[in-house]
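Residue numbers begin at 1 in each chain, while the letters A, B, ... track the order of the sequences.
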Number of protein chains: 2
Amino acid sequence: MKDLHVTKVTLQEVAQAAGVSRATASRVLTSDPRVSPGARRAVERAASKLGYVPNHAGRALATGRSDAVALVVFEPTTLLFGDPFFPRLIRGLGDVLTSRDMQLVLLAPQTASDSDRVERYVAARHVDGALLVSLPSAHPLPGRLASRGIPLVIGGRPTEADRFNHVDVDNVAGAARAVAHLIAGGRRTIATVTGREDVPAGQDRLRGYQEGLTAAGLPADDALIEAGDFTRDGGARAMRFLLVKRPQLDAVFVASDLMAVGVLEALHQAGRRVPEDVAVVGYDDDPMAAGLQPPLSSVRQPIEEMGREMARLLLDAVHSPDRPPRKVLLTTRLEARFSSAPVASKPTGEAV
Amino acid sequence: MKDLHVTKVTLQEVAQAAGVSRATASRVLTSDPRVSPGARRAVERAASKLGYVPNHAGRALATGRSDAVALVVFEPTTLLFGDPFFPRLIRGLGDVLTSRDMQLVLLAPQTASDSDRVERYVAARHVDGALLVSLPSAHPLPGRLASRGIPLVIGGRPTEADRFNHVDVDNVAGAARAVAHLIAGGRRTIATVTGREDVPAGQDRLRGYQEGLTAAGLPADDALIEAGDFTRDGGARAMRFLLVKRPQLDAVFVASDLMAVGVLEALHQAGRRVPEDVAVVGYDDDPMAAGLQPPLSSVRQPIEEMGREMARLLLDAVHSPDRPPRKVLLTTRLEARFSSAPVASKPTGEAV
DNA sequence: CTAGAGTGTGGAACCGCTCCCAATGAAGGA
DNA sequence: TCCTTCATTGGGAGCGGTTCCACACTCTAG
C-alpha cells in the first residue's frame with residue numbers, strides 16, 4: 001500500500017539503487033545483451049521495486065522513435081462508430097502492433113482544421129508513421145506527410161496509387177465474382193446499384209460488375225446501372241428506378257449491404273419475391289446480412305487481414321524508410337445465402 | 001513542389017534563418033509576449049518557410065507535459081463501436097479538448113495484459129492524464145495510476161467514489177422519474193428489468209425504480225424485479241419470467257433500450273399490446289428508440305455534456321494536481337413516446 | 001609471459017526544446 | 001548627466017533517456 005512514488009522515478013535513481021551507472025541500467029532496460037547477469041538482476045530488482053517506467057519523451061528524444069502509429073480515419077465520428085468495418089480493422093492492426101509493443105493512436109479529423117491538426121501532430125513525430133483510411137480522393141494529406149518523410153500506408157486505393165504504400169481489397173474481382181455467381185444461378189438480366197461515384201471502392205465494384213457481364217458474354221446495358229449513395233434509402237430509391245426502367249430484371253448486385261437492405265424493401269414493396277423473382281447480392285458481409293429476410297448473399301472483405309497487412313507495411317516502412325512504395329491486393333470471398341439461390345427447380349415449365 | 005525538408009527542421013535552424021537565438025525563436029513559438037515585433041515576424045516567416053513543426057518529444061521533455069490525454073475504454077472493441085454512447089462521449093470530449101489544442105488518445109484494453117500496457121503507457125507520461133469509462137467495478141487501474149500521481153477522471157460511479165474525480169449521470173433520479181411518469185399515466189403494477197448487478201449504473205437504476213414506487217406510496221414487490229444482462233435476448237427472457245410471475249403487470253421500466261427491444265418482442269409474442277395493456281419505458285434513448293414499433297419512451301442521458309464535463313475536470317486536475325477529487329452529477333431527461341401513453345380513453349368499460 | 005581479443009562498465013555527448021538568469025541597450029527620472 | 005527601470009535578448013543548464021567510446025579486466029593463443 002505504499003504509494004511513495006507519487007513522484008516520477010528516473011533511470012538515474014534506478015541505477016543508483018542498483019549500484020550501477022545510468023548507462024548500464026539503460027542497457028538492461030533496452031535488452032542490450034552486453035550486461036553481466038549480476039548487474040542485470042540488480043537493475044531489474046531495483047526497477048520493479050521502485051515501480052520504474054521509462055519516460056516516453058526522454059526515450060523518444062534519444063531514439064528518434066515514439067513506438068506509436070496513428071490511424072487517421074476521415075469519416076464523421078458517428079459513421080466511424082456503427083460501421084463494423086472499423087472494429088475489424090482495428091482488431092487486425094492490433095494483432096500486429098501489440099506484438100511489437102506499439103501503440104495505436106486514433107485520429108478522426110472532421111473538419112479541414114482538424115486535418116491540419118493531424119498533420120502537425122504527425123509531423124511533430126508524435127508517432128512513427130500513419131495509417132490512412134477512407135481518405136477522400138485527392139486529399140492533400142498523404143502528399144504533405146510524405147514530403148516530410150513520414151512513413152505512410154493507405155487503406156483503399158489512393159489517387160496516385162504508386163506514390164504510396166497501400167493495401168486494398170480487390171473490389172473488381174469481388175464484384176465480378178458476385179455477378180458470375182448470379183449468372184451461374186441462371187440469372188440473365190442483372191442490374192446493379194452502385195456506390196457514390198467519387199469513392200474508389202464504388203468505382204471498382206462497378207467495373208467488376210461490368211467485367212463480370214462481359215466475361216459471360218452478356219450485353220452491357222446502362223439502364224441496368226443506377227447510382228446509390230451507400231445509404232439504405234439511396235438503395236431503395238435506386239431499386240425503384242431500376243424496376244421502372246427494366247421491369248424484367250431478375251437479379252441485382254448491390255455495392256453495399258446497407259443499400260441492399262433498401263433494395264430488399266423496395267423489391268418487397270413492388271411485390272417481387274427474393275430470390276424467386278429477383279436474386280440479390282450485397283457487399284461487405286455486414287453482420288446483419290445473415291439475419292435479413294431472406295438472408296443476404298454478400299461479398300466478404302478480409303478486413304482483419306487488411307489491418308494486419310497495413311500494420312506490417314507500415315512497420316517495414318518505419319524501419320526501412322527508403323524502400324519504394326508497395327501495394328498489397330487482398331481477395332474477397334462470396335458468402336452465398338438464400339437471397340441469391342438459383343432459379344433452379346422451375347426449369348422451363350416442369351410440372352410440380 | 002520542393003520537398004526539400006524530407007529531413008526534420010529543428011528550432012535551431014529556424015532561429016538561424018531568422019537571425020535570432022534559439023531562445024527567442026522558442027519564445028515566439030510558445031507565444032511568449034516578451035519578443036519584439038521585428039524578431040517575432042522574422043521567426044514566424046522562417047518557421048513557415050521551412051515548414052517547421054516543434055518536435056513533440058523535445059517539447060514534452062522540457063515542459064513535462066504532453067498535451068494529450070487518454071480515453072481508456074474497458075469494453076470489447078466490438079461493443080465500443082456500435083454503441084452510440086461512445087461517439088457522443090467523444091464528441092463532448094472533443095469540444096473541450098480541441099479548444100485547448102489537446103489530443104485524445106483512445107485506448108481499449110481487452111485483456112489483463114492490455115491493461116498493464118495501458119498502465120505503462122500512461123505512467124510513461126505519454127499523456128497528461130486519463131479518462132476512464134465503463135470501468136469494471138473494483139478494477140485496480142485507477143488506484144495504480146493515482147498512486148503515480150496521474151490526473152484521472154472516471155466516467156460513471158467508481159467503487160471508491162470519493163477517491164477519484166468522476167462525472168456521473170443521476171441514474172437514480174432518471175429511473176425514479178420514469179416510474180413517476182408511468183404512475184402518472186395510470187399504471188399501478190410496474191415491473192422492472194434491471195441491468196447486470198455488477199454495473200453501478202444498473203444498481204442505481206434499480207434503486208431509482210424502487211424510490212419511484214415508494215415516493216408514490218406503491219408497495220415494493222420483489223417478484224416485479226427481474227435481472228436482464230443488458231442484451232436484447234436477456235431483456236426478452238426477463239420479460240417472459242415477469243409475465244409468468246405477475247401476469248397482471250401493466251407497465252415495465254427497462255434499464256436499457258437494447259433490453260427494451262427484447263421486452264417489446266416478448267410482450268408481442270405474449271399477445272400483450274403496448275401501450276394499451278402494458279406501458280414500457282427504456283433507458284439511454286438509443287437512436288433506434290424512436291423508430292421502434294411502438295416508438296419507445298426512454299430516459300435520455302446527457303452524454304455529450306458528460307464528455308465535456310469529464311474533459312474540464314481532467315484539465316483542471318492536470319493544472320492543479322493537488323486539488324481534492326470532485327464529483328459532478330448530471331441530470332437526465334425523459335423522452336416520452338407512444339410506448340408509455342397513459343391508459344386514458346378506456347375508462348372503466350365505456351362502450352366502443 | 002605477453003600481445004590480442006573479447007567482455008562489462010562508466011563517462012559524456014547528444015536528442016530538441018524550454019526557461020532561468022545575466023547582460024545589453026534604450027528610455028525615463030532626478 | 002548619471003542612475004534606474006524596463007523591454008529584449010542570448011547563453012546555458014537541464015528534462016530523461018540512449019549510445020559512442022575509451023578503459024579496465026579477464027581469458028585465450030602464440
Side-chain angles (χ1 to χ4, degrees), chain A residues 5 7-44 46-47 50-68 120-121 123-128 148-149, chain B residues 5 7-44 46-47 50-68 120-121 123-128 148-149:
Chain A
H5 39 265
T7 169
K8 319 105 183 104
V9 182
T10 73
L11 185 60
Q12 176 63 56
E13 307 174 50
V14 173
Q16 201 164 320
V20 300
S21 72
R22 215 159 83 255
T24 299
S26 171
R27 287 193 195 97
V28 171
L29 293 157
T30 51
S31 316
D32 189 312
R34 303 169 346 215
V35 184
S36 67
R40 180 175 302 282
R41 231 165 336 110
V43 171
E44 278 164 354
L50 297 173
Y52 172 74
V53 176
N55 176 289
H56 169 69
R59 173 170 284 185
L61 189 54
T63 58
R65 293 188 304 96
S66 71
D67 293 320
R120 283 203 308 279
Y121 185 84
R125 297 280 159 175
H126 230 100
V127 291
D128 295 334
R148 287 180 185 279
Chain B
H5 39 265
T7 170
K8 323 112 180 92
V9 183
T10 73
L11 184 60
Q12 177 62 56
E13 307 175 50
V14 173
Q16 201 163 320
V20 299
S21 73
R22 213 161 81 255
T24 299
S26 171
R27 285 191 197 99
V28 171
L29 293 156
T30 51
S31 316
D32 189 312
R34 305 167 346 213
V35 184
S36 67
R40 179 175 302 280
R41 235 170 327 115
V43 171
E44 278 164 354
L50 296 173
Y52 173 75
V53 175
N55 176 290
H56 170 68
R59 172 171 286 184
L61 190 53
T63 58
R65 294 188 305 95
S66 70
D67 293 320
R120 282 204 307 278
Y121 185 84
R125 297 282 160 173
H126 229 100
V127 292
D128 295 333
R148 286 179 187 279

Next item on the list: Could you check how far NE2 of His56(B) sits from C1' of dC15(D), rounded to whole Å?
Entry: 13 Å
Next item on the list: Indicate yes or no: at least one non-hydrogen side-chain atom of Leu11(A) is less than 4.5 angstrom from one of Pro54(A).
Entry: no
Next item on the list: Could you state the atom-to-atom distance from CG of Leu61(A) to P of dC15(C) in whole Å?
Entry: 9 Å
Check: Which residues satisfy the side chain to side chain contact (heavy atoms under 4.5 Å, CB included) test with Val53(B), sequence neighbours excluded?
Finding: Ala123(A), Ala124(A), Arg148(A)
Next item on the list: Provide, to the nearest angstrom, the distance between the CD atom belonging to Gln12(A) and the C1' atom belonging to dA12(C).
Entry: 13 Å
Item checked: Interatomic spacing from CG in Leu50(A) to NZ in Lys8(A) - rounded to 0.5 Å -> 15.5 Å
Next item on the list: Please round to 10 degrees the angle between the axis of the first five pairs and the axis of the last five pairs in the helix from dC1(C)-dG30(D) to dA30(C)-dT1(D).
Entry: 50°
Next item on the list: Using a 4.0 Å heavy-atom cut-off across all strands, classify Ala39(B) as base, sugar-phosphate, or nothing.
Entry: sugar-phosphate
Note to self: Within the structure provided, determine whether Asn55(A) and Thr10(A) are in side-chain contact (heavy-atom separation under 4.5 Å).
What the structure shows: no
Notebook entry, point to check: According to the interplanar angle, ranging from 0 to 90°, do the rings of His126(B) and Tyr121(B) count as parallel (below 30°), tilted (30 to 60°) or perpendicular (above 60°)?
Noted result: parallel
Item checked: Sugar-phosphate, base or nothing in reach of Ala60(B), heavy atoms under 4.0 Å -> nothing
Next item on the list: Please state how far atom CG in Leu50(B) lies from atom P in dG16(C), giving the value in whole angstrom units.
Entry: 15 Å
Notebook entry, point to check: Hey, are the side chains of Arg59(B) and Thr30(B) touching, using non-hydrogen atoms and a 4.5 Å cut-off?
Noted result: yes
Margin query: Can you tell me if Arg59(A) touches the phosphate of dG16(D), counting only side-chain N or O atoms and a distance under 4.0 Å to OP1 or OP2?
Written below: no
Note to self: Rounded to whole Å, please give me the gap between CD in Glu13(B) and C1' in dC17(C).
What the structure shows: 14 Å
Next item on the list: Compare all side-chain heavy atoms of Val14(B) with those of Gln12(B) and state whether any distance is below 4.5 angstrom.
Entry: no
Item checked: Residue-phosphate contact under 4.0 Å: Ser36(A) side-chain N/O, dT9(C) OP1/OP2 -> yes
Next item on the list: Check whether any side-chain heavy atom of Val28(B) sits under 4.5 Å from a side-chain heavy atom of Glu44(B), and report yes or no.
Entry: yes
Item checked: Between dT18(C) (C1') and Leu11(B) (CG): distance, integer Å -> 9 Å
Next item on the list: Step by step, work out the side chain to side chain contact (heavy atoms under 4.5 Å, CB included) result for Ser66(B) and Arg125(B).
Entry: CA-CA 7 Å; Ser66(B) 70; Arg125(B) 297 282 160 173; over 6 Å; no
Would you list the protein and nucleotides 10-13 of chain D atom pairs, both N or O, that sit under 3.5 Å from each other?
residue : atom : partner  : partner atom : Å
dG10(D) : OP2  : Ser21(B) : N            : 2.9
dG10(D) : OP2  : Ser21(B) : OG           : 3.0
dG10(D) : OP2  : Thr24(B) : OG1          : 2.8
dG10(D) : O6   : Arg27(B) : NH2          : 2.6
dA13(D) : N6   : Arg22(B) : NH2          : 3.4

Notebook entry, point to check: What is the distance from CD of Gln16(B) to C1' of dG16(C), rounded to the nearest Å?
Noted result: 15 Å
Next item on the list: Round to the nearest Å and state the distance from Asp32(A) atom CG to dC21(D) atom C1'.
Entry: 14 Å
